[in-house]
K.L.:
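Attaching a single structure in structure tokens format; questions to follow.
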Amino acid sequence: MELIITEKDNAARRIADILSGGSMDATRENGVNVYEWGGKRCVGLSGHVVGVDFPPEYSDWRDVEPAELIDATIEKEATKENIVATLRILSRQAEIATIATDYDREGELIGKEAYEIVRDVNEEIPIRRVRFSSITENEVTNAFAEPEELDFDLAAAGEARQIIDLIWGAALTRFLSLSAGQLGNDFISVGRVQSPTLKLLVDREREIEAFDPEDYWELFVDLTKADDDAESFDAQYFYLDEEDNEAERVWDEADAEAAFEDLSSTSEATVVDVNRRTRTDAPPAPFNTTQFIRAASAIGYSAKRAMSIAEDLYTAGYITYPRTDNTVYPDDLDPEVLLDDFVGHPTLGEDAEDLLEADEIRPTEGDEETTDHPPIHPTGEIPTRGDVSDDEWEVFELVVRRFYATVAEDAVWEHLRVVAEAADRSLKANGKRLVEPGYHAVYPYFSTTENYVPDVTEGETLSLTDIELEEKQTQPPRRYGQSRLIETMESMGIGTKSTRHETIEKLYDRGYVESDPPRPTRLAMAVVEAAENYADRVVSEEMTAQLEADMDAIASGEATLEDVTGESREMLEDIFAELADSREEIGDHIRKSLKDDKRLGPCPECGEDLLVRRSRYGSYFVGCDGYPDCEHTIPLPSTGKPLILEETCEDHELHEVKMLAGRQTFVHGCPLCKAEEAGEGPILGECPDCGDEHDGELAVKTLQSGSRLVGCTRYPDCEYSLPLPRRGEIEVTDERCEEHDLPELLVHSGDEPWELGCPICNYQEFQARESESGSDLESLEGVGAKTVEKLAAAGIESLDDLTDADPDSVAADVDGISADRVRSWQAKA
DNA sequence: GCAAGGTC
């Protein structure tokens, strides 16, 4: 039996299909598809099925000096056990094995991993390697007709990368995490790809922070031909600067006003120059991963979402493999045949038919031609609208239309530039008109906005009106958007087509960036600074470039894996020698930056910093850094994760807060303003729970959701609350309840106000009515569903449990409930 | 519980 091993299931199925002429059978072994026909079996891996790691004795971060990892042994272990097990079973039964993984460096390494698994159970059989650049009948049959040998040098190049990435990444990650005391989920990560990417963002942020805006002025006028019904058009003032270049920005206010005065003194302008030219606008190249992400991002998809949809469309068979660097269609793609598949389709058919009418169809080509996968294009299989979500359809249509664009004709623009003079000042207008829509007719994602400038002739007099002097400011450079960042990574050679978008996600997960476009946090700034000071290589693109060169040397036999990894280990040893003395300093800086990321501004009570904190129950609130000396807190909305914005509130000097909750994301604003607006309505009296101990008071509050309650001013430290009706205006009367010393409330809704009375009495009556349902704990005054839930979490589910409990331990276990309050409940129960 | 690279 011949065993054929491919990089993924999809490739296994297609290769089996080609080699068997469609006659293969599919079976499943350990959940892995195996394709069988006439003495052959074909199985797909799932990329790497083994991974590198340190032995278990290195796994406790606190027990191992990070520098010890540099010379630690590195083991290979199965990461996809079921696939490895299946491969072992099939290998025992095989008489010959053929490795048919992707034709690139990582594919060679994956092939070597398979080779070792086969050899481990079967020492004798020949193991061959076939290489083909696309899975087509021609290429595959040719490759199998003349099998080759595995390239162990090329595989070793990939192994060197694995080893270097692991050692540098793990050792530096552990060092920074330990120095800052950030273990567990909040470790501080460093890596050859993520750290240079982060540095790109941090460098840009530094430019933005250092930016000093400058004022300038621009002048605009309306010009109109003398005809009766002529439409006016915009023109802009310009002058020649010291180097005789045209300039529109006027840097001096007096100069700008002088120009304004001059232009205001006349109502005519004379055309002095007319320049007409046509420009051809060539259609775009086929999609590689990066350009696909860029186009999808222009229609509102994040990099992650775009790739996830593309992967689904690929798995379903509608588009080709979405991870590719290739921008040249392979020879076996016949555009006419593919266009034919769309003929007759209700929404995509007409454009395909139009394209087929051209005399000759010649697809565009990009600069990069690789051998592993074709550019992303539709397969010819078209989903029905019901088969896919709206988003999937939108992305599918983008891929189809991009393919259309690559086989469509050039567009042609006509540019018209007019220069006029008025009161010795120069004016210019730039018009453009799309004369031949070309590929834009089938690819509507690029702007085709025209700018109207009429036909004028030299010497013609135009009327001049509506002079506007606009004061502007130079703007700081813009942050990288996700797709721009991916393009930059690609041009610097950082990461791969499959990992760049994941790297960006990783930066979000690690707390290094927030919001979109990604903005680096103070933590990110501190980590990049630490790396720049002590381990410059790991934040530089240089490290990847050197690694690429070293890998080429290994692949060509000029160097060995040991040479390259040995040298890399020495470099890292040097870095750790420097780092040792600065451990505390680095840790302090990172810890301080972590606090900066949570800082809202000064505490109105004590002047220390207010920080965004998280209660033991996971909810967010604002608390003072001076705690426990200062117990000032401000509530935050219960939905979402707070993001601190750059904007600050003028009244309180606090940063505004945005609550990130997917589609329900909203800007909360200054928490103190919100608390003042929402919360503290009229104060009713002392809080029965914490009034004695902490001076808590009851107030009428309105929540973000619009619902109202009587609650303690010390929320969230004290969660005493009483319900209020949703509707009607609440009036606080002068009459007081003798038992609870609170004012009686009136509710104005409808024609007649109704008496709610003392809010505690009202609640007790309500509880009495409701007491049959729910926990009997709810019959206690001031105890709502939320408190019942918390008590239940501490093991107290009924009044009986409560009477048996120790008040101090309950107070210790349950946030916002004091021992005194428990005692008062016990007395009543 | 570290990286980056395959793949899902």
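Chain identifiers are assigned alphabetically (A, B, ...) following the order of the sequence lines, protein sequences preceding nucleic acid strands; residue numbering begins at 1 within each chain.
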K.L.:
Counting just side-chain N and O atoms, does A/Thr101 come under 4.0 Å of either OP1 or OP2 of B/dG6?
P.N.:
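For B/dG6, neither OP1 nor OP2 has a side-chain N or O of A/Thr101 closer than 4.0 Å.
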
K.L.:
Looking at B/dA3, B/dG5, B/dC8, which one has an atom nearest to any side-chain atom of A/Ser189?
P.N.:
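Of all the options, the side chain of A/Ser189 is nearest to B/dA3.
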
K.L.:
Given that A/Trp61 and A/Thr496 both sit by DNA chain B, which one's nearest nucleotide is further toward the 5' end?
P.N.:
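This one resolves to A/Trp61.
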
K.L.:
Quickly work out the A/Asn10 CG to B/dG6 C1' distance and round it to whole Å.
P.N.:
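Taking CG of A/Asn10 and C1' of B/dG6, I get 15 Å after rounding.
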
K.L.:
Nearest to the side chain of A/Val52 - B/dC2, B/dA3, B/dT7?
P.N.:
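Selected nucleotide: B/dA3.
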
K.L.:
Does the B/dC8 base have a donor-acceptor partner in the side chain of A/Asp9 within less than 3.5 Å?
P.N.:
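When only heavy-atom distances are counted, A/Asp9 does not reach the base of B/dC8 through any donor-acceptor pair under 3.5 Å.
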
K.L.:
Mind checking whether A/Phe144 and A/Phe132 have parallel, tilted or perpendicular rings, split at 30° and 60°?
P.N.:
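Parallel: the ring planes of A/Phe144 and A/Phe132 meet at under 30°.
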
K.L.:
With respect to the side chain of A/Tyr314, which nucleotide from B/dA3, B/dG6, B/dC8 is positioned closest?
P.N.:
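When the side chain of A/Tyr314 is considered, B/dC8 is the closest of B/dA3, B/dG6, B/dC8.
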
K.L.:
Looking at the side chain of A/Ser498, which of B/dT7, B/dC2, B/dG1 is the nearest nucleotide?
P.N.:
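Nearest to the side-chain atoms of A/Ser498, counting from C-beta on, is B/dT7.
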
K.L.:
Does A/Ser59 place a side-chain N or O at less than 4.0 Å from the phosphate oxygens OP1/OP2 of B/dG1?
P.N.:
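Checking A/Ser59 against B/dG1: no side-chain N or O falls below 4.0 Å of OP1 or OP2.
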
K.L.:
Round to the nearest Å and state the distance from A/Tyr58 atom OH to B/dC2 atom P.
P.N.:
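That distance rounds to 20 Å.
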
K.L.:
Compute the centroid of each ring, for A/Phe576 and then for A/Phe175, and state whether the two points are separated by less than 6.0 Å.
P.N.:
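They qualify: ring centres under 6.0 Å apart.
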
K.L.:
Please give, in whole Å, the distance from B/dC2 C1' to A/Phe576 CZ?
P.N.:
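These atoms are roughly 11 Å apart.
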
K.L.:
Over all strands shown, is A/Leu172 touching base, sugar-phosphate only, or nothing at heavy-atom distances under 4.0 angstrom?
P.N.:
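Answer is nothing: A/Leu172 stays at 4.0 Å or more from every strand.
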
K.L.:
Among B/dC8, B/dT7, B/dA4, which nucleotide has an atom closest to any side-chain atom of A/Asp165?
P.N.:
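So the nucleotide nearest the side chain must be B/dA4.
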
K.L.:
Does a side-chain N or O from A/Lys497 land closer than 4.0 Å to OP1 or OP2 of B/dG5, or not?
P.N.:
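Looking at the OP1 and OP2 atoms of B/dG5, neither is under 4.0 Å from any side-chain N or O of A/Lys497.
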
K.L.:
If you compare all heavy atoms of A/Arg174 against all heavy atoms of A/Asp60, which two are closest, and at what distance to 0.1 Å?
P.N.:
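In this case the closest contact between A/Arg174 and A/Asp60 is NH1-O, 4.5 Å.
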
K.L.:
Has A/Arg13 got its NZ or CZ under 6.0 Å from the middle of the six-membered ring of A/Tyr35, at an angle within 45 degrees of the ring axis?
P.N.:
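Because its charged atom misses either the 6.0 Å distance or the 45° angle limit, A/Arg13 does not stack over A/Tyr35.
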
K.L.:
Which part of the nucleic acid, if any, lies within reach of A/Gly51 when heavy atoms closer than 4.0 Å are counted: base, sugar-phosphate only, or nothing?
P.N.:
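Nothing, no heavy atom under 4.0 Å.
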
K.L.:
If you check every side-chain atom of A/Asp53, which of B/dC8, B/dC2, B/dT7 has the closest atom?
P.N.:
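When the side chain of A/Asp53 is considered, B/dC2 is the closest of B/dC8, B/dC2, B/dT7.
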
K.L.:
Quick one: is A/Arg161 getting a side-chain N or O under 4.0 Å of the B/dG6 phosphate, OP1 or OP2?
P.N.:
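A/Arg161 to B/dG6 OP1/OP2: no side-chain N or O under 4.0 Å.
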
K.L.:
I need the CE-P distance between A/Met543 and B/dA4, as an integer number of Å.
P.N.:
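The answer, rounded to whole Å, is 9 Å.
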
K.L.:
Using a cut-off of 4.0 Å on non-hydrogen atoms, how would the nucleic acid contact of A/Asp60 be classed: base, sugar-phosphate, or nothing?
P.N.:
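Touches a base.
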
K.L.:
By nearest atom, which of the nucleotides B/dT7, B/dG5, B/dA3 is closest to the A/Glu502 side chain?
P.N.:
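Closest of the options to the side chain of A/Glu502: B/dT7.
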
K.L.:
Shortest non-hydrogen contact from A/Arg119 to A/Asn122?
P.N.:
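Looking at all heavy atoms of both residues, the shortest contact is NH1-O, 3.1 Å.
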
K.L.:
Heavy atoms under 4.0 Å, any strand shown: does A/Asn185 hit a base, just sugar-phosphate, or nothing?
P.N.:
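Contact class for A/Asn185: none.
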
K.L.:
Applying a 4.0 Å non-hydrogen cut-off, can you work out what A/Val49 is touching in the nucleic acid: base, sugar-phosphate, or nothing?
P.N.:
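Nothing, no nucleic acid heavy atom in range.
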
K.L.:
Send over the distance from A/Gln162 CD to B/dA4 P, rounded to a whole Å.
P.N.:
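It works out to 13 Å between those atoms.
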
K.L.:
Does a salt bridge link A/Arg161 with A/Glu106, judged by any charged N lying under 4.0 Å from a carboxylate O?
P.N.:
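Result for this pair is yes, salt bridge flagged.
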
K.L.:
Quick check, does A/Trp168 stack with B/dA3? I mean ring centres under 5.5 Å and planes off by under 30°.
P.N.:
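No.
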
K.L.:
Would one find a side-chain N or O of A/Thr499 under 4.0 angstrom from OP1 or OP2 of B/dG5?
P.N.:
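Result: yes.
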
K.L.:
Taking for each residue the nucleotide of DNA chain B with the nearest heavy atom, is it A/Gly47 or A/Ile163 whose nucleotide lies nearer the 5' end?
P.N.:
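Counting from the 5' end, the first nearest nucleotide belongs to A/Ile163.
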
K.L.:
Mind checking if A/Gln194 touches a base, just sugar-phosphate, or nothing, with heavy atoms under 4.0 Å?
P.N.:
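Sugar-phosphate contact only.
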
K.L.:
Provide, to the nearest angstrom, the distance between the CZ atom belonging to A/Phe54 and the P atom belonging to B/dC2.
P.N.:
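A/Phe54 atom CZ is separated from B/dC2 atom P by 13 Å.
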
K.L.:
Rounded off to whole Å, could you give me the CZ-to-C1' distance for the A/Arg500 and B/dG5 pair?
P.N.:
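Distance, rounded to whole Å: 12 Å.
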
K.L.:
Is the distance from OP1 or OP2 of B/dG5 to the nearest side-chain N or O of A/Arg192 less than 4.0 Å?
P.N.:
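Yes.
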
K.L.:
Is any side-chain N or O of A/Arg323 closer than 4.0 Å to OP1 or OP2 of B/dG6?
P.N.:
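Negative; the distance criterion is not met.
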
K.L.:
Let me know the distance between CZ of A/Arg510 and P of B/dA4, rounded to the nearest Å.
P.N.:
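Nearest whole value for this atom pair: 8 Å.
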
K.L.:
Students often get this wrong, so: under 4.0 angstrom with heavy atoms, is A/Arg62 touching a base, only sugar-phosphate, or nothing?
P.N.:
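No contact.
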
K.L.:
Test the A/Lys8-A/Tyr321 pair against the cation-pi criterion, namely NZ or CZ under 6.0 angstrom from the six-membered ring centroid and within 45° of the ring axis.
P.N.:
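Yes, a cation-pi geometry holds between A/Lys8 and A/Tyr321.
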
